[in-house]
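Each remark here refers to the structure printed beneath this line.
Fair warning: this is a prediction, and the values are worked out from it, not measured in the lab.
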Amino acid sequence: MRITRGDGLIDRSQAAELCGVDPDTVTLWSTRGYLLRDGSERRHLPVAKREKGRPLYDPVEVAKAEYATAL
């Protein structure tokens, strides 16, 4: 996956590709949140910016969400 935006943000499809998950999973992390590995708390993937109504994400935050949910 290659980041092409000058601000370093990625869209939902790129976030899914980065983590090897379905794009709908990225949407769920953002809207419903995800549990930390130890089940101690629920976090939401923050939307860094919206462009034309579409969310853009910070790749570091996406990676944190993927790490927290990986088995």
Side-chain angles (χ1 to χ4, degrees):
M1 198 232 35
R2 185 172 181 190
I3 298 172
T4 57
R5 292 178 54 95
D7 58 10
L9 299 178
I10 58 177
D11 64 21
R12 182 177 90 128
S13 296
Q14 291 172 308
E17 183 181 343
L18 176 68
C19 296
V21 298
D22 189 89
D24 290 340
T25 300
V26 175
T27 300
L28 289 174
W29 289 345
S30 182
T31 57
R32 293 187 185 172
Y34 56 90
L35 288 176
L36 297 182
R37 284 182 182 197
D38 63 4
S40 64
E41 83 182 83
R42 179 174 292 275
R43 291 196 181 158
H44 287 80
L45 173 61
V47 173
K49 182 179 179 180
R50 288 196 180 270
E51 192 169 86
K52 297 179 183 176
R54 294 184 177 182
L56 297 171
Y57 304 98
D58 179 336
V60 173
E61 294 299 325
V62 173
K64 286 179 185 178
E66 191 275 330
Y67 177 80
T69 59
L71 297 176

Working to the nearest 0.5 angstrom, can you tell me the gap between [X] [atom1] and [Y] [atom2]?
X: Lys64; Y: Asp58; atom1: NZ; atom2: CG; value: 8.0 Å
X: Asp7; Y: Arg5; atom1: CG; atom2: CZ; value: 4.0 Å
X: Leu36; Y: Glu41; atom1: CG; atom2: CD; value: 5.0 Å
X: Thr31; Y: Leu45; atom1: OG1; atom2: CG; value: 9.5 Å
X: Trp29; Y: His44; atom1: CH2; atom2: NE2; value: 13.5 Å
X: Arg12; Y: Leu56; atom1: CZ; atom2: CG; value: 12.5 Å

Of all heavy-atom pairs between [X] and [Y], which one has the smallest distance, and what is that distance?
X: Val47; Y: Ser30; result: CG2-OG, 3.6 Å
X: Tyr57; Y: Pro46; result: CD2-O, 3.5 Å
X: Ala16; Y: Asp22; result: CB-C, 3.8 Å
X: Pro59; Y: Ile3; result: CG-CD1, 3.6 Å
X: Gln14; Y: Leu9; result: OE1-O, 4.4 Å

For Ser13 and Asp11, test the side chains for any donor-to-acceptor distance below 3.5 angstrom and give the result as yes or no. no

Looking at Arg54 and Glu51, does any basic side-chain N land under 4.0 Å from a carboxylate oxygen? no

Over 12 foreign heavy atoms within 6.0 Å of CZ, Arg43: no

Going hydrophobic residue to hydrophobic residue with side-chain gaps under 4.5 angstrom, can you get from Ile10 over to Leu28? no

Check whether Tyr67 and Val26 end up in the same hydrophobic cluster, where Ile, Leu, Val, Met, Phe, Trp and Tyr are linked by side-chain heavy atoms less than 4.5 Å apart. no

Quick one, Cys19 and Val62 - any side-chain contact, counting heavy atoms below 4.5 Å? yes

